[in-house]
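Below, chain A is the first sequence line, B the second, and so on; all start at residue 1. Since we're looking at a predicted model, the values are computed, not measured.
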Amino acid sequence: MQDILEGLNNAQKEAVEYIEGPLLILAGAGSGKTRVLTHRIANMINKGIRPYNIMAITFTNKAAGEMRDRVDKIVEYGAEDVWVSTFHSACVKILRRYADRIGYSNDFSIYDTEDSKRLIKNVVKDMNLDPKLYKEKVILGKISDFKNKLVTVSEVRERAKSDYKLANLASIYDRYQVALKGNNAFDFDDLIMRTVELFVQCPDVLESYQNRLRYIMVDEYQDTNVAQFTFIRLLAGKYKNLCVVGDDDQSIYKFRGADIRNILQFEKYFKEAKIIKLEQNYRSTKNILNAANSVIKNNYERKDKTLWSDNEEGEKVVVHESEDAYEEAEMVSSSIKEAVDYGKADYSEFAILYRTNAQSRILEEKLMLKSIPYKIIGGQNFYQRREIKDILAYLRLVANNTDDIAVERIINVPKRGIGDASVERAREFASINKMNLYDALLSVDEIESLARASKKIAKFTNMIEEFKKDLAKFDNKEKKEDGNPYTLLDLTNKILDETGYRAELIDENTDEANGRLENIDELLSKVSEYENNTQEPSLAAFLEDVSLVSDIDNLSDDSSYVVLMTVHSAKGLEFPNVFLCGMEDGLFPSFMSIMDEDSNEIQEERRLCYVAITRAMKHLTISYAKRRMVRGETRYNSISRFIKEIPLNIVSSKNVTDLKEKKPAFAKFGGYEGAFSYDGGSGYMGGKSKVSSRGGNSTMRKKPAYSMPSKKPAFGKAFEVTKADIDYAVGDRVEHSKFGQGTVIGIEDGPRDYQVTVMFDTVGQKVMMASFAKLEKVD
DNA sequence: TGGTAAGTAACCAAG
DNA sequence: TTACTTACCA
């Protein structure tokens with residue numbers, strides 16, 4: 001066994017050795033937090049704490065696996081008993097055991113976003129609401145917000161007293177929950193919320209887990225939401241040996257409910273909490289770290305910490321300008337090709353990062369053209385592909401025949417003459433008789449309106465019943481005629497054959513169909529891989545595994561390919577060489593964040609940018625294009641404001657228009673605007689604000705600069721912002737359309753507009769631009 | 001009921 | 001650009 005403290009710096013050692021009681025580790029990017037966590041677990045085991053009593057929650061399954069491996073290497077025994085998992089898998093495990101205590105059955109299904117949306121669509125239809133007004137996506141987003149904050153149906157009802165739209169939402173939420181329960185299914189957010197509910201309703205269950213999980217660690221703590229925080233707070237409530245690791249500067253999941261206050265509240269809930277800061281970065285060169293620091297320091301709501309590094313200075317950060325996205329992709333792919341051809345690097349050392357998944361297509365094209373091996377993370381997940389979801393729906397229905405969404409999905413796939421009208425009639429019958437869709441289909445003879453389709457439906461249900469028998473044989477470990485036991489692979493193959501799903505694709509014989517067949521083969525190998533690597537395989541557990549894999553989980557470290565992913569996906573990863581593409585205002589930072597009057601959005605984008613930059617170890621190339629096709633329309637965006645926040649002395653620019661010549665101009669006016677002749681939204685960036693964007697003046701730096709992406713090239717009339725007339729002052733009460741009432745606690749004058757800080761009664765402190773915020777003074 | 005053509009809304013990020 | 005819904009006919 002190696003010395004657990006060897007090679008750690010003082011802060012790291014302290015964190016590894018501080019085992020009892022609550023501990024908050026503020027770990028900057030690349031400060032070796034995974035190392036600290038693994039060594040800490042090893043140290044605990046060494047000290048005699050049973051691995052069985054330790055839990056570590058990570059962000060992805062991949063991180064969980066890696067952590068276990070690393071602990072294994074250090075302690076050489078027992079690590080397999082440490083419970084390392086994500087929030088979602090941990091909750092599923094708990095629910096799988098105790099779901100019956102809260103009125104579900106233990107063979108429940110897990111609904112992904114697509115399934116949930118279908119269910120909501122049904123609910124909206126059943127309520128006779130206008131589907132155009134109640135879009136599934138929007139509704140699901142709102143329900144998801146509620147669940148992430150543990151807001152129950154009755155609480156929404158309570159809030160909705162005089163608001164009929166909200167009242168409708170409450171009803172949808174209500175019916176959606178009833179439907180989920182009727183289908184014996186949990187959606188992603190339910191997994192957490194219902195587990196919390198279980199803990200609250202069944203203290204004995206909670207206590208059994210408290211007694212088992214005496215030492216709990218949570219990674220990426222800054223991205224936990226209220227529900228997740230409550231989950232761990234309850235678990236750690238008895239022994240209070242809770243260690244959380246996070247970095248407020250890397251909080252990038254506010255959109256799915258992450259609440260940065262969890263870091264602040266930590267000291268509130270765990271009063272005697274110890275705080276340790278890890279501020280030495282081991283990952284990046286000084287130049288890269290400087291770039292990251294100079295961007296993030298423009299955020300004003302952050303915990304005080306300074307990341308420093310002993311690493312070499314390294315090369316300058318490259319900023320590259322392209323005419324369009326194709327040229328950008330060309331630059332990226334040829335740079336990679338060149339480096340590899342000259343033996344300077346391996347493909348695996350490159351990552352291409354972007355803000356939105358849509359950007360991957362063109363990059364992919366160019367990589368393919370140059371025969372560069374690559375892998376795209378995210379976008380269309382393997383398990384979200386149509387053919388895979390179809391087959392999984394069959395399996396789900398066989399495992400849990402109350403799963404109406406699964407029935408609806410595959411009842412006519414492949415086509416067997418049971419059309420929408422028939423399904424609708426069956427659904428009606430089921431809902432009148434308060435039964436599940438599949439049960440309604442089983443008693444199809446009683447449904448007069450379905451006389452025409454009854455034969456076809458019976459054929460379908462007979463087939464499913466047959467599959468169920470096979471599953472029972474598998475569960476009972478019965479032997480086939482050839483003496484071998486029944487397997488899940490057999491069942492899956494049988495489904496593919498009996499339904500004619502495979503045959504249909506073979507007949508089609510198009511590229512697309514063949515691709516789908518390949519995917520199905522891959523699914524089959526995943527089934528058998530699961531069976532062969534699991535002690536007690538079960539269909540439910542397999543389905544659970546596949547519904548919780550994240551995109552990142554499929555990324556392996558030892559394969560030689562370039563990876564492409566969004567910045568969000570890249571969180572927690574590092575690469576020697578990083579290309580950060582599409583650094584344009586309107587794309588990164590996103591259009592939405594620029595337009596939002598609430599500057600918190602921009603701050604979140606800036607943290608995202610910070611995450612992106614700090615992924616790079618040795619080389620960082622930041623790239624932007626002058627024009628870009630968005631939804632078939634050419635946009636002319638200006639260079640990202642975040643690039644402008646990086647000091648010029650650590651930037652080397654390739655192909656950037658006349659940067660060198662214009663440098664004197666820059667010194668004079670301060671800003672890239674002179675260098676880049678196209679700056680589409682230059683209107684607002686004129687005058688003094690140029691200086692502010694370079695960061696010479698700390699008050700002005702806080703001002704977000706607004707520039708609309710223009711559809712015309714060059715110097716089209718930019719978005720005009722007129723300084724708002726404000727009739728309120730610090731200390732006044734004001735009202736905002738979205739946030740309600742609050743007190744003005746600060747007003748800063750800028751060249752174009754006032755920046756107003758308001759402490760709202762319900763949503764807390766917000767900083768906003770006066771002209772956008774339209775604040776009304778309250779007397 | 002199922003296939004095709006035309007029309008239109010959508011992309012911000014994820015388990 | 002692409003993916004999905006709507007309209008129409010066999």
### Task
When you get a sec, tell me which of dA10(B), dC12(B), dT1(B) is the closest nucleotide to the side chain of K135(A)?
dA10(B)
## Note on the structure
With the side chain defined as heavy atoms from C-beta on, K415(A) is closest, among dG3(B), dA14(B), dC11(B), to dG3(B)
### Query
Would you say the side chains of N381(A) and Q384(A) form a donor-acceptor pair under 3.5 Å?
no
### Task
Using the P atom on both, measure dC4(C) against dA13(B) and round to a whole Å.
16 Å
### Task
Measure from the side chain of N357(A), starting at C-beta and using heavy atoms only, and say which of dA14(B), dG15(B), dC12(B) lies closest.
dA14(B)
### Task
Check every strand shown and say whether S422(A) touches a base, only sugar-phosphate, or nothing at a heavy-atom separation below 4.0 Å.
sugar-phosphate
### Query
In whole Å, what is the span from the CD atom of Q384(A) to the P atom of dG15(B)?
9 Å
### Query
To the nearest Å, how far apart are D223(A) CG and dG15(B) C1'?
12 Å
#### Entry: Y354(A)/H568(A) aromatic ring centres below 6.0 Å
no
### Pairing of D187(A) and K147(A) as salt bridge, 4.0 angstrom limit
yes
### Task
Whole angstrom is fine here: how far is it from CD in E114(A) over to C1' in dA14(B)?
15 Å
### Query
Charged N to carboxylate O below 4.0 Å: is that the case for K149(A) and D259(A)?
no
### Query
DNA chain B: stems of at least 3 consecutive Watson-Crick or G-U pairs, cut-off 3.5 Å?
B:1-10 with C:1-10
### Query
Considering heavy-atom distances to DNA chain C, does K121(A) or M629(A) have its closest nucleotide positioned more toward the 5' end?
M629(A)
### Task
May I ask you to say what S569(A) touches in the nucleic acid, namely base, sugar-phosphate or nothing, with a heavy-atom cut-off under 4.0 Å?
sugar-phosphate
### Query
Would you call K389(A) and D112(A) a salt bridge, using N to O less than 4.0 angstrom?
yes
### Task
Between I552(A) and A421(A), just flag the one whose closest nucleotide in DNA chain B comes earlier from the 5' side.
A421(A)
### Task
Would you indicate what D112(A) reaches in the nucleic acid, counting non-hydrogen atoms under 4.0 angstrom: base, sugar-phosphate, or nothing?
nothing
### Message
Applying the side-chain contact (heavy atoms from CB on, under 4.5 Å) criterion to F588(A), which one of R641(A), Q359(A), E605(A) satisfies it?
### Response
E605(A)
### Query
So, for Y111(A) and F186(A), is the gap between ring centers shorter than 6.0 Å?
no
### Task
With the side chain of N412(A) defined as its heavy atoms from C-beta on, choose the nearest nucleotide among dG15(B), dG2(B), dC11(B).
dG2(B)
### Task
Provide, to the nearest angstrom, the distance between the NZ atom belonging to K137(A) and the P atom belonging to dC11(B).
3 Å
## Note on the structure
Min and max contacting nt of DNA chain C in 5' to 3' order, chain A heavy atoms within under 4.0 angstrom, are dT1(C) to dT5(C)
### Given dA13(B), dG15(B), dC11(B), the nucleotide with the shortest approach to the side chain of T113(A)
dG15(B)
### Task
Describe the nucleic acid contact of F87(A) in one word from base, sugar-phosphate, nothing, applying a heavy-atom distance below 4.0 Å.
nothing
### Task
Please report, rounded to the nearest Å, how far the C1' atom of dC12(B) is from the CD atom of E604(A).
11 Å
### Task
Look at T566(A) and dA14(B) and indicate whether a side-chain polar atom (N or O) is within less than 4.0 Å of OP1 or OP2.
yes
### Task
Could you check whether the rings of F199(A) and F231(A) sit parallel, tilted or perpendicular, using 30° and 60° as the cut-offs?
parallel
### Query
Do K254(A) and Q603(A) get their side chains close enough for a donor-acceptor pair, meaning under 3.5 Å?
no
## Note on the structure
In whole angstroms, the gap separating P of dC12(B) from CG of N637(A) amounts to 13 Å
### Query
Parallel under 30°, tilted from 30 to 60°, perpendicular over 60°: which one fits the rings of F59(A) and Y253(A)?
tilted
#### Entry: Distance-only donor-acceptor test, R355(A) side-chain atoms vs dC12(B) base atoms, 3.5 Å
yes
#### Entry: Donor on one side chain, acceptor on other, S251(A) and D248(A), under 3.5 Å
no
### Task
Describe the nucleic acid contact of N61(A) in one word from base, sugar-phosphate, nothing, applying a heavy-atom distance below 4.0 Å.
nothing
### Task
Indicate whether F255(A) forms a stack on dA13(B); treat it as stacked only if centroid distance is below 5.5 angstrom and interplanar angle below 30 degrees.
yes
### Residue met sooner reading DNA chain B from 5', once H88(A) and E601(A) are mapped to nucleotides
E601(A)
### Task
Measure from CZ on F591(A) to P on dA13(B) and round the result to the nearest Å.
16 Å
## Note on the structure
K117(A) NZ to dA10(B) P, in whole Å, measures 11 Å
### Query
Which residue lies toward the 5' end of DNA chain C, R361(A) or R386(A), if each is placed at its nearest nucleotide?
R361(A)
#### Entry: Polar pair under 3.5 Å, donor/acceptor by atom type, side chain D189(A), base dG15(B)
yes
